[in-house]
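A quick write-up on the structure given underneath.
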Amino acid sequence: MLKKVFLIVVFIILPHLSERAALASLPPQLTDKASINEVIKAMTLEEKVKMVVGSGMPGMFGIPKAEIEGAVGVTHAIPRLGIPALIFADGPAGLRINPIREGIPNTYYTTAFPIETLLASTWDTEMVEAVGSAIGDEAKEYGVDILLAPALNLHRNPLGGRNFEYFSEDPLLTGKMGASYVKGVQSQGVGATLKHFVANNQETNRMQIDTVVSQRALRELYLRGFEIAVKESKPLAVMSAYNQINGVPASENKELLTTILRKEWNFNGFVMTDWFAGKDPIAQMRAGNDLIMPGEQKHITRLIHAVKSGLLDEEILDRNIKHILKTVVKTPSFKGYEYSNQPNLEEHAQVARKVASEGMVLLKNDEKTLPLDKNAKIGLFGNTQIETIKGGTGSGIVQAKYTVSIAEGLEKQGFKLHQGLLSSYKAYVLSLRQLPEYKSKPGPLGIEFGLVTPRIPEKPIPSNELQDVVKDTDSGIITIGRISGEFEDRENEKGDFLLTNEEQSMIETVSEAYHQAGKKVTVVLNIGGPIEVASWREKVDSILLAWQPGQEAGHAVADILSGKVNPSGKLSTTFPMKYNDVPSAKSFPGTPKDNPKVVIYEEDLYLGYRYYTTFDVKPAYEFGYGLSYTSFHYENLEVEKKKNNIHLNLNVKNVGDVKGREVVQVYLTSPNGKLEEPLLELKAFEKTKELKPLEHQLVEFTLNLNDLASFDEKKSLWVVEKGRYKVNIGTSSESILQSTTFRIDEDIIVERVNDY
Ligand code: BGC
């Protein structure tokens, strides 16, 4: 019996006791959300501070490269508490990591998707979700936890250097696209980041500039896209912006980061700074900027000292850490996900190609110039046919394995390119690129941020060469390219917003020669933002805005030019007749002109089409505009006013002779009440399915009270003013096809908010 007791004690009870003793001496482990409080309690002050400061800029300033090379940020791990390091990488058009790692034969290429402006021009939320999901998958399979995208700043001015990374001039389109993108990314178990919060609408002096903007314009425009995306897609992270807003740096702005983002919108993730933003880490902590990125030793030293000296309440650190840990427990690194380093790049290339053709916008198509005959012989002009631009530079660049050039894409699809002309372009571009002045150089932050490639002048086309090409081909295509990127805004100059003299003369001489021969000319714009078109568009027969369409550029252009895909993209941003028509032309990028410190958003609510429609200024191509190879008829608009919403439906019919998709846009005209209002505001949209000739679709919309509300700055509330509202349904902001009205009998206060 005694022996039995002994055996039980030695073999059954003792091991458990020692296990328990060992466990009792172990600090608490981060296991799930419920364990977070205990884990924070067990942290030393240094550990707490390290949780809120990233571990430095990988590969720079003596910091080792991240394990995932090209990732731009890593948080501190605290292994004794079971907290892993998180890996952060850019960006909006695809995952930005280094494709080549020293001493490793494998490659780590990622898919270059089209720029956000093209994504928004699809007006197709499902398509954008599919892109987000593919980018999220690449992030997950390459070991990244947090993707630094999507970017939700508005196109305040067409010269904004990073506009290509942003969706639109309109907050609703931005918010819906942002929400879909986030849903896609996060469906893969990777966190998405809404950036740059907020009113970061220019690159000039971006780290110092003070953006002066009314509360109403902030709430109705600049914050609105973020609000929609936060509420509809629950992003795990938000990145505060570099700039100041009405005198307070975004990363130190408690009203923005805590009152608006968390209290009013119920944001539940964590906030990080933009890279090296802000000056005062204590103010950042207090404001609710939970994490300083990429983090520097000086921040750690300063914050430890601040807590010790009583300057910073330790509870603020605890609160911020909690926000971060709530996210940590959702990440692949925390879950020990074994990434494959082998995302399905072939499948994602197909997604990139499909979305690229869905977001290209047909701006002009006289006498059905397009689609081209499948076997057409083509004279292809312009350097960009060879050096096709997949996207912009800076942190929004993607290191893809290849870019299909426009020339390659057209040939692959069976078009017969004039070989003599093609070879002369190849030789010209190649030879000029050998000259020292045209060699590509790494940008200010190295090759990972993209190469700065000086523009080479358009190849001169001797008239005998041109005559031969025209004789031997059925039609001409001219490519025009532009690129921009982080750190710099664009210029209202030749070679940027304006065409160069060489480009103008290429358009002129090529068009003249083809027209004399009774043949037609198409221009393909491979650009990231609007350029001036009014001075030359009459000279050509059709214009395809291909944007910067990602690595499948040439294939997607060919899909449209051949008619394999019927264009259905609509402009997400206005193309003005001339730069001076832009409502912010005078105030952008701030004053004093030579070194701007302050930028005053004088146009207030009148951004983009809100301005052009209200003040009757005719743009070259308006917001929402885009042609198709078929046409649509809108009929039977019905409106029904319900207790808390307005229900609309109408019938859209394909009345042309090829299948196609239409984007139905709902613009609201508010009554002349106490608040001044733009003439039109986009309140809803829907892209139809692909409709066959004569097929129709019932399109339905529900406008809720907060869709109708305007912001009353004096009272700090959202109100639906009484009066007659006009619903305008159309195919662009200038082309309204059906309208109806409804009345609101009494003012309805929808929400009272903090006075910002
Ligand atoms: C950009 C961010 C980017 C970060 C990390 C900053 O310069 O403004 O958009 O996510 O760098 O690369």
Side-chain angles (χ1 to χ4, degrees), residues 53-61 63 65-66 68-75 86-98 110 115-117 135 139 144-154 160-167 178 181-182 185 190-209 211 226 235-244 249-251 269-278 289 291-296 391-399 442-450 452 484-489 528:
V53 178
S55 66
M57 184 75 183
M60 276 183 169
F61 316 119
I63 308 280
K65 282 184 180 161
I68 319 299
E69 282 186 33
V72 270
V74 182
T75 56
L86 297 190
I87 313 279
F88 297 50
D90 288 307
L95 183 68
R96 181 170 71 90
I97 56 172
N98 294 359
T110 59
I115 57 170
E116 274 191 14
T117 311
I135 298 176
V144 170
D145 295 291
I146 305 283
L147 180 82
L148 302 174
L152 264 64
N153 301 101
L154 298 185
R162 289 182 85 176
N163 280 3
F164 71 95
E165 289 189 65
Y166 308 145
F167 289 113
Y181 188 120
V182 170
V185 171
V190 167
T193 308
L194 304 186
K195 69 186 188 184
H196 311 87
F197 193 61
V198 63
N200 180 181
N201 308 102
Q202 64 184 59
E203 287 301 281
T204 309
N205 280 355
R206 65 180 186 177
M207 290 179 110
Q208 298 86 33
I209 198 86
T211 300
F226 287 93
L236 295 196
V238 164
M239 184 191 292
S240 52
Y242 283 128
N243 50 291
Q244 306 179 43
S251 63
F270 73 98
V271 179
M272 72 183 94
T273 59
D274 197 347
W275 267 229
F276 304 102
N289 194 117
L291 179 64
I292 298 175
M293 289 304 280
E296 292 169 86
T393 59
S395 62
I397 198 167
V398 183
Q399 311 285 359
L445 287 181
I447 190 158
E448 283 97 51
F449 261 49
V452 175
S484 74
E486 206 171 334
F487 311 114
E488 251 184 329
D489 288 312

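Every number for a ligand or one of its atoms is a count from 1 in the order of the listing. Sequential numbering from 1 along the given sequence is applied to the chain's residues.
- In this structure, M293 has no heavy atom closer than 4.0 Å to ligand 1.
- Side chain of N243 to backbone of V198: a donor-acceptor contact under 3.5 angstrom is found.
- Put simply, the side chain of T393 does not reach to within 4.5 Å of the side chain of F487, judged on heavy atoms.
- Close contacts of ligand 1 with R96, meaning ligand atoms under 4.0 Å from a residue heavy atom, involve 12 (O).
- Within the listing of ligand 1, atoms 1 (C), 2 (C), 3 (C), 9 (O), 12 (O) sit less than 4.0 angstrom from a heavy atom of S395.
- Under a 3.5 Å cut-off, the side chain of Q244 and the backbone N or O of Q208 do form a donor-acceptor pair.
- For ligand 1 and M239, the ligand atoms under 4.0 Å from any heavy atom of the residue are 10 (O).
- Residue R206 touches ligand 1 through its side chain alone, judged by heavy-atom distances below 4.0 Å.
- In terms of protein heavy-atom proximity, atom 7 (O) of ligand 1 is nearest to E486 OE2, 2.4 Å.
- Atom 10 (O) of ligand 1 has as its closest protein heavy atom D90 OD1, 2.6 Å.
- Within ligand 1, counting atoms from 1 as listed, the ones closer than 4.0 Å to a heavy atom of L148 are 10 (O).
- When only non-hydrogen protein atoms are considered, atom 6 (C) of ligand 1 lies nearest to D274 OD1, 3.1 Å.
- Other residues, nucleotides and ligands place more than 12 heavy atoms under 6.0 Å from the CD atom of E69.
- A donor and an acceptor atom, one from each side chain of N289 and S251, are nowhere located under 3.5 Å apart.
- In R162, the part holding a heavy atom less than 4.0 Å from any atom of ligand 1 is the side chain.
- By the 4.0 Å heavy-atom criterion, F88 is excluded from the residues contacting ligand 1.
- Paired with R206 under the rule side-chain hydrogen bond (donor to acceptor under 3.5 Å, both in side chains), one option of E486, H196, E488 passes, and it is E486.
- The side-chain contact (heavy atoms from CB on, under 4.5 Å) with K195 is formed by just one residue from the set P150, P92, S240; it is P92.
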